[in-house]
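Each chain gets a letter, A, B and so on, in the order the sequences are listed, and its residues count up from 1.
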Protein chains: 2
Amino acid sequence: MENSIRKKFETRAGIIKSMGHPTRLFIVDELSRGERCVCELTELIGADVSTVSKHLTILRNAGIVQDDKRGSQVFYSLTVPCVLNFFDCVESVLKARLSKQMDSIG
Amino acid sequence: MENSIRKKFETRAGIIKSMGHPTRLFIVDELSRGERCVCELTELIGADVSTVSKHLTILRNAGIVQDDKRGSQVFYSLTVPCVLNFFDCVESVLKARLSKQMDSIG
DNA sequence: TGCACATTTGACTATATTGCCAAATGTGCA
DNA sequence: TGCACATTTGGCAATATAGTCAAATGTGCA
């Protein structure tokens with residue numbers, strides 16, 4: 001694969017990869033219903049704040065979320081709504097997976 | 001996070017994660033133009049066949065691609081066309097990232 | 001059967017990711 | 001200033017992932 005092509009796919013894969021983690025996908029899902037501060041997300045996820053913060057950093061670096069510091073809190077929100085389409089497609093994949101399973105059982 | 005919720009996001013993140021690798025994203029892109037055998041993909045990617053085969057296994061297990069063995073060759077194709085929407089959204093994210101950069105430069 | 005070709009699998013090393021704790025940083029307020 | 005709270009960062013151990021080579025498997029054909 002030519003180098004500029006490889007770079008192109010590295011950049012794009014990086015964006016997708018940032019959502020390829022259960023906690024981060026949960027965050028995206030949660031932010032689809034509005035902005036949330038780190039403390040709210042931490043409460044919902046039930047992990048260490050530092051862990052949540054790092055996941056948010058990964059999503060921010062990818063460009064999936066943006067942060068808004070207000071007072072001592074930091075509110076995160078989605079930068080681009082289209083990431084929600086991922087969920088629909090993932091459901092299609094799951095559906096296709098199931099019908100394949102059915103076929104194999106007969 | 002409750003256990004059934006965690007599992008739900010693990011399953012879905014796994015599907016997304018399978019596309020979060022440059023080579024695998026390239027494969028998805030290439031398959032959007034029709035089925036390809038392992039040898040063709042290997043040629044295009046320029047990596048070891050075994051590496052390509054393993055990437056294809058990951059995509060197959062995720063449910064993104066399906067294989068069709070014909071003779072001594074194995075042809076891969078997309079199971080669900082909607083994964084191509086990912087590309088459009090990724091471009092939006094890149095665009096948003098760029099305009100943010102512009103803003104920060106002023 | 002035996003050979004050429006296509007693909008997968010196993011074993012291994014190198015590298016990357018994750019999560020936790022502790023410490024640092026930043027903010028508002030008494 | 002000093003304290004409480006929110007968040008980020010650094011360091012570290014456990015785990016997961018990626019790539020390579022060698023070997024195994026499967027197919028078609030002479």
Student: Roughly, in whole Å, what's the span from CG in A/Asp68 to P in D/dT7?
Tutor: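 That distance rounds to 12 Å.
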Student: D/dC12 pairs with which nucleotide, Watson-Crick or G-U wobble, both distances below 3.5 Å?
Tutor: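 Here D/dC12 is engaged in a pair, and the nucleotide opposite it is C/dG19.
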Student: What about A/Lys54, does its side chain sit under 3.5 Å from the base of D/dT7 through a donor-acceptor pair?
Tutor: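 Side chain to base: no pair below 3.5 Å.
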Student: Taking atom CG of A/Leu41 and atom CG of A/Leu31, what is their separation to the nearest 0.5 Å?
Tutor: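 One finds 5.5 Å between CG of A/Leu41 and CG of A/Leu31.
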Student: Would you mind checking if A/Lys8 and A/Glu2 are paired as a salt bridge, meaning a charged N to carboxylate O distance below 4.0 Å?
Tutor: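 Result for this pair is no, no salt bridge flagged.
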Student: Is the shortest side-chain N/O distance from B/Tyr76 to OP1 or OP2 of C/dA6 below 4.0 Å?
Tutor: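 Result: no.
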Student: Taking only heavy atoms on the protein side, list every residue of residues 16-38 of chain B lying under 4.0 Å from any atom of DNA chain C, sorted numerically.
Tutor: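 Result for residues 16-38 of chain B: B/Cys37, B/Val38, sorted by number.
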Student: Checking all strands, does A/Lys69 fall into the base, sugar-phosphate, or nothing category for heavy-atom contacts under 4.0 angstrom?
Tutor: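 Since no nucleic acid heavy atom lies under 4.0 Å of A/Lys69, the category is nothing.
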Student: Rounded off to whole Å, could you give me the CG-to-P distance for the B/Asp48 and C/dC12 pair?
Tutor: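 Distance check: B/Asp48 CG to C/dC12 P gives 18 Å.
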Student: Among B/Ile16, B/Thr11, B/Ile15, which residue satisfies the side chain to side chain contact (heavy atoms under 4.5 Å, CB included) criterion with A/Leu25?
Tutor: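 Option passing the side chain to side chain contact (heavy atoms under 4.5 Å, CB included) with A/Leu25: B/Ile16.
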Student: From C-beta outward on A/Ser72, which listed nucleotide comes closest to its side chain: C/dT8, C/dC20, C/dG26?
Tutor: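 From the listed options, C/dG26 comes nearest.
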Student: Please name the nucleotide paired to C/dA30 by Watson-Crick or G-U wobble geometry with both distances under 3.5 Å, or report none.
Tutor: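 The base-pairing partner of C/dA30, which may sit in any strand shown, is D/dT1.
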Student: Check the phosphate of C/dT8 against B/Ser53, side-chain N and O only, distance under 4.0 Å to OP1 or OP2. Yes or no?
Tutor: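 Result: yes.
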Student: Would you indicate whether A/Glu91, at its atom CD, is surrounded by more than 12 heavy atoms from other residues, nucleotides or ligands within a distance under 6.0 Å?
Tutor: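 Yes.
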Student: Nearest whole Å is fine: how far is D/dT7 P from A/Phe75 CZ?
Tutor: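 In whole Å, D/dT7 P lies 8 Å from A/Phe75 CZ.
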Student: Taking only side-chain nitrogens and oxygens of B/Thr51, does any of them come within less than 4.0 Å of OP1 or OP2 of D/dT20?
Tutor: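 Answer yes for this pair, as a side-chain N or O of B/Thr51 is under 4.0 Å from OP1 or OP2.
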Student: D/dA6 C1' sits how many Å from A/Glu43 CD, rounded?
Tutor: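 Roughly 14 Å, once rounded to whole Å.
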Student: Rounded to the nearest angstrom, tell me the gap between atom NE2 in A/His55 and atom P in C/dT17.
Tutor: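 After rounding, the gap between these two atoms is 12 Å.
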Student: Parallel, tilted or perpendicular, judged at 30° and 60°: which one describes the rings of A/His55 and A/His21?
Tutor: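 The arrangement is tilted - the two ring planes meet at 30° to 60°.
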Student: Starting at CD1 of A/Ile58 and ending at P of C/dT17, how long is that distance when rounded to a whole Å?
Tutor: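 Rounded to the whole Å, the gap is 8 Å.
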Student: Using side chain to side chain contact (heavy atoms under 4.5 Å, CB included), reason through B/Glu35 and B/Arg70 one step at a time and then give a plain yes or no.
Tutor: CA-CA 12 Å; B/Glu35 62 170 21; B/Arg70 293 208 294 275; 2.6 Å; yes
Student: Please tell me which of the listed nucleotides, C/dT27, C/dC20, C/dT9, lies nearest to the side chain of B/Thr57?
Tutor: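 Ranking C/dT27, C/dC20, C/dT9 by closest atom to the B/Thr57 side chain puts C/dT9 first.
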Student: Paired with C/dT9: which nucleotide, if any, by Watson-Crick or G-U wobble criteria at under 3.5 Å for both distances?
Tutor: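 Pairing partner: D/dA22.
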Student: With B/Arg36 as the cation and B/Tyr76 as the aromatic partner, state whether NZ or CZ is under 6.0 Å from the six-membered ring centre and within 45° of the axis.
Tutor: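 Checked: cation-pi criterion not met.
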Student: Measure from CG on B/Asp67 to P on C/dT7 and round the result to the nearest Å.
Tutor: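 Going from CG in B/Asp67 over to P in C/dT7 covers 11 Å.
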Student: Any side-chain heavy atom of A/Val80 within less than 4.5 Å of one from B/Lys95?
Tutor: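 Heavy-atom side-chain distance check fails, nothing below 4.5 Å.
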Student: Would you kindly give the CE-to-C1' distance between B/Met1 and C/dT18, to the nearest whole Å?
Tutor: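 Spelled out: CE on B/Met1 to C1' on C/dT18 is 14 Å.
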